[in-house]
Amino acid sequence: MEKLTLCPICSHSEFKPFMKLKDHSISKEDFYLVQCNGCGLLLTNPRPDERQIGPYYESQEYVSHSDTKEGIINRLYQMVKSYTIGRKVEMVGSLSPSKNILDVGCGTGDFLGACKSAGWKVQGVEPNNSARSLVESKFQFQPQPEFVKENYESGSIGVITMWHVLEHVHRLDYYLSSYYELLEKNGVLIIAVPNYTSYDAAYYKDFWAAYDVPRHIWHFSPDTIMQLCKRYGFEMKGVHPMWFDSFYVSMLSEKYKSGGNIVKAFLIGFISNLKALLNSGTCSSQIYVFVKR
């Protein structure tokens, strides 16, 4: 395990305890969240380092790395995924005239496959071996196993996306500084992350599935994600709610808390979305659009 001593946003060195959590999905181990006294960022600390983290992803339960449809939650996830991918392709098309996209953490490649069908030049990064094999068999292109800045030409990429990925990466400084260099002028960085200031997070507390320790090592609020990207030269252009996430996360949270009450999960997801409608910026997960200036 490694322990962080400095905040990656504000370089503050003091943290306060926030919550004790269990890895409900895979290892069943306990982990701890702490909060930066300077900017408010939540982080899993201590955490597995980059060499230790791999086994925490090795499970068919980790739906982003498989096409499994076993169980009602995974079936619903796959059904909604096909719809949301279409909306994501429309979004990137409306934000950038340059049809050149890099998706970091591309999982099983469905988003990049849809972009490819829409005429985009696609590149991907995916560290999981099984997921990469699925991409190659389904879409006939090969993602890189890790993000290496030198594999790309500076100023050559129109859009970089991270769909629920930034919360997983250890080296925030390396990734965000590299993205700024690789994006063309006015290039777009799209980041989707969970939002621990949402109603469903407050309701489920230590059972909230989107904490997902230790795979999620950063836990962002709208304020801290904006502070982080501003530090690397990006300007916020927009925030978009991910309405389906509140239902999916609530279903997983109910599974962890009580074995699974689908009706109650949908009720909590509905209330969370209603509160987000009344108070913008509090959806369970959100898409943040940044522009290189």
Side-chain angles (χ1 to χ4, degrees), residues 8-9 50 64-65 84-129 131-193 218 220 225-240 286-293:
I9 295 178
E50 289 184 278
S64 296
H65 289 166
T84 57
I85 283 172
R87 306 290 75 75
K88 289 174 181 177
V89 174
E90 290 177 4
M91 174 184 287
V92 295
S94 69
L95 291 170
S96 174
S98 175
K99 288 202 164 187
N100 183 348
I101 189 167
L102 169 64
D103 187 26
V104 179
C106 64
T108 55
D110 297 276
F111 168 67
L112 283 183
C115 288
K116 184 180 179 183
S117 296
W120 286 70
K121 177 184 177 182
V122 300
Q123 300 175 86
V125 175
E126 176 49 57
N128 183 268
N129 293 330
R132 281 202 314 279
S133 296
L134 276 173
V135 176
E136 292 176 45
S137 63
K138 289 166 63 178
F139 303 111
Q140 290 73 57
F141 65 87
Q142 189 173 39
Q144 296 296 316
E146 63 178 315
F147 174 73
V148 179
K149 179 179 68 173
E150 287 73 22
N151 289 342
Y152 312 93
E153 183 181 346
S154 296
S156 65
I157 300 173
V159 180
I160 296 176
T161 54
M162 297 185 88
W163 304 107
H164 285 293
V165 172
L166 189 68
E167 62 268 34
H168 295 261
V169 303
H170 285 71
R171 297 172 292 156
L172 289 176
D173 177 76
Y174 175 70
Y175 279 82
L176 291 171
S177 61
S178 297
Y179 294 166
Y180 190 86
E181 182 179 332
L182 298 177
L183 283 168
E184 62 190 26
K185 183 180 179 181
N186 297 320
V188 176
L189 172 63
I190 298 175
I191 297 173
V193 287
W218 315 107
F220 296 103
I225 191 71
M226 183 175 66
Q227 288 184 63
L228 175 66
C229 292
K230 183 178 180 181
R231 173 172 178 167
Y232 293 92
F234 291 99
E235 178 183 320
M236 176 85 81
K237 186 171 182 179
V239 182
H240 303 272
Q286 301 191 138
I287 300 169
Y288 299 89
V289 180
F290 298 94
V291 177
K292 173 182 176 176
R293 296 302 190 195

Quiz item: Under the side-chain contact (heavy atoms from CB on, under 4.5 Å) criterion, do Thr108 and Lys138 qualify, and how do the steps go?
Solution: CA-CA 9 Å; Thr108 55; Lys138 289 166 63 178; 4.3 Å; yes
Quiz item: Between Phe139 and Leu134, does a side-chain contact (heavy atoms from CB on, under 4.5 Å) hold up when you go through it step by step?
Solution: CA-CA 8 Å; Phe139 303 111; Leu134 276 173; over 6 Å; no
Practice problem: In sequence, state the C-alpha distance, the side-chain angles, and the governing distance for Cys229 and Ile191, and then conclude on side-chain contact (heavy atoms from CB on, under 4.5 Å). | Solution: CA-CA 10 Å; Cys229 292; Ile191 297 173; 3.8 Å; yes
Practice problem: Dump the intermediate steps for side-chain contact (heavy atoms from CB on, under 4.5 Å) on Leu183 and Val291, then the final yes or no. | Solution: CA-CA 9 Å; Leu183 283 168; Val291 177; over 6 Å; no
Quiz item: Which is it for Glu184 and Lys292 under the salt bridge (Lys or Arg N to Asp or Glu O under 4.0 Å) test, yes or no, and what are the steps along the way?
Solution: CA-CA 8 Å; Glu184 62 190 26; Lys292 173 182 176 176; over 6 Å; no
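Screening Val122, Val92, Thr84 against Phe111 for a side-chain contact (heavy atoms from CB on, under 4.5 Å) leaves a single residue, Val92.
Judged purely by atom type and a 3.5 angstrom limit, Trp120 has no side-chain atom pairing as donor or acceptor with the backbone of Ala114. In this structure, the side chain of Lys149 does not engage the main chain of Ser178 through any donor-acceptor pair within 3.5 Å. Glu126 contributes a side-chain N or O that, together with a main-chain N or O of Asn128, makes up a donor-acceptor pair within less than 3.5 Å. Distance alone, capped at 3.5 Å, is enough to place a donor-acceptor pair between the Glu167 side chain and the Val165 backbone. A donor-acceptor contact shorter than 3.5 Å links the side chain of Lys99 to the backbone of Ala118.
With rounding to the nearest 0.5 angstrom, the CZ atom of Phe220 is 11.0 Å from the CD atom of Gln227. In this structure, CD in Glu146 is found 9.0 Å from CD in Glu50, a value given to the nearest 0.5 Å. Rounding to the nearest 0.5 Å places CG of Leu166 at 11.0 Å from OH of Tyr288. Note that CG of Leu228 and NZ of Lys230 are 12.5 Å apart. Values are rounded to the nearest 0.5 Å. Remark: Lys88 NZ to Met91 CE distance equals 9.0 Å, nearest 0.5 Å. The CG atom of Leu189 sits 10.5 Å away from the CE atom of Met236 when rounded to the nearest 0.5 Å.
Side-chain atoms of Pro143 and Cys106, non-hydrogen and from C-beta on, do get closer than 4.5 Å to each other. Looking at Val289 and His240, their side chains come closer than 4.5 Å, going by heavy atoms from C-beta outward. Side chains of Tyr232 and Asp173 form a contact here, defined as non-hydrogen atoms less than 4.5 Å apart. At least one side-chain heavy atom of Leu102 sits under 4.5 Å from a side-chain heavy atom of Val125.
For the residue pair Val169 and Trp218, the shortest heavy atom distance occurs at O-NE1, 2.6 Å.
Two rings, from Tyr179 and Phe147, have their centers less than 6.0 Å apart.
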Exercise answer: donor-acceptor pairs, residues 150-163 side-chain atoms, under 3.5 Å, sequence neighbours excluded:
{"from": "Ser154", "atom 1": "OG", "to": "Glu181", "atom 2": "OE2", "distance (Å)": "2.9"}
{"from": "Ser156", "atom 1": "OG", "to": "Glu153", "atom 2": "O", "distance (Å)": "2.5"}
{"from": "Thr161", "atom 1": "OG1", "to": "Asp103", "atom 2": "OD1", "distance (Å)": "2.8"}

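When the ring pair (Phe, Tyr, Trp, His ring centres under 6.0 Å) test is applied to Phe141, no partner is found at least two apart in sequence or on another chain. Every residue two or more places apart in sequence or in another chain was checked for a salt bridge (charged side-chain N to carboxylate O under 4.0 Å, His left out) with Lys237, and none qualifies. By the salt bridge (charged side-chain N to carboxylate O under 4.0 Å, His left out) test, Glu235 pairs with Arg293, sequence neighbours left out. Taking Asn129 as the reference, Arg132 meet the side-chain hydrogen bond (donor to acceptor under 3.5 Å, both in side chains) condition, with sequence neighbours excluded. Every residue meeting the ring pair (Phe, Tyr, Trp, His ring centres under 6.0 Å) condition with Phe234, not counting sequence neighbours, appears here in chain and number order: Tyr180.
For Ser98 and Asn100, the side-chain atoms include no donor-acceptor pair closer than 3.5 Å.
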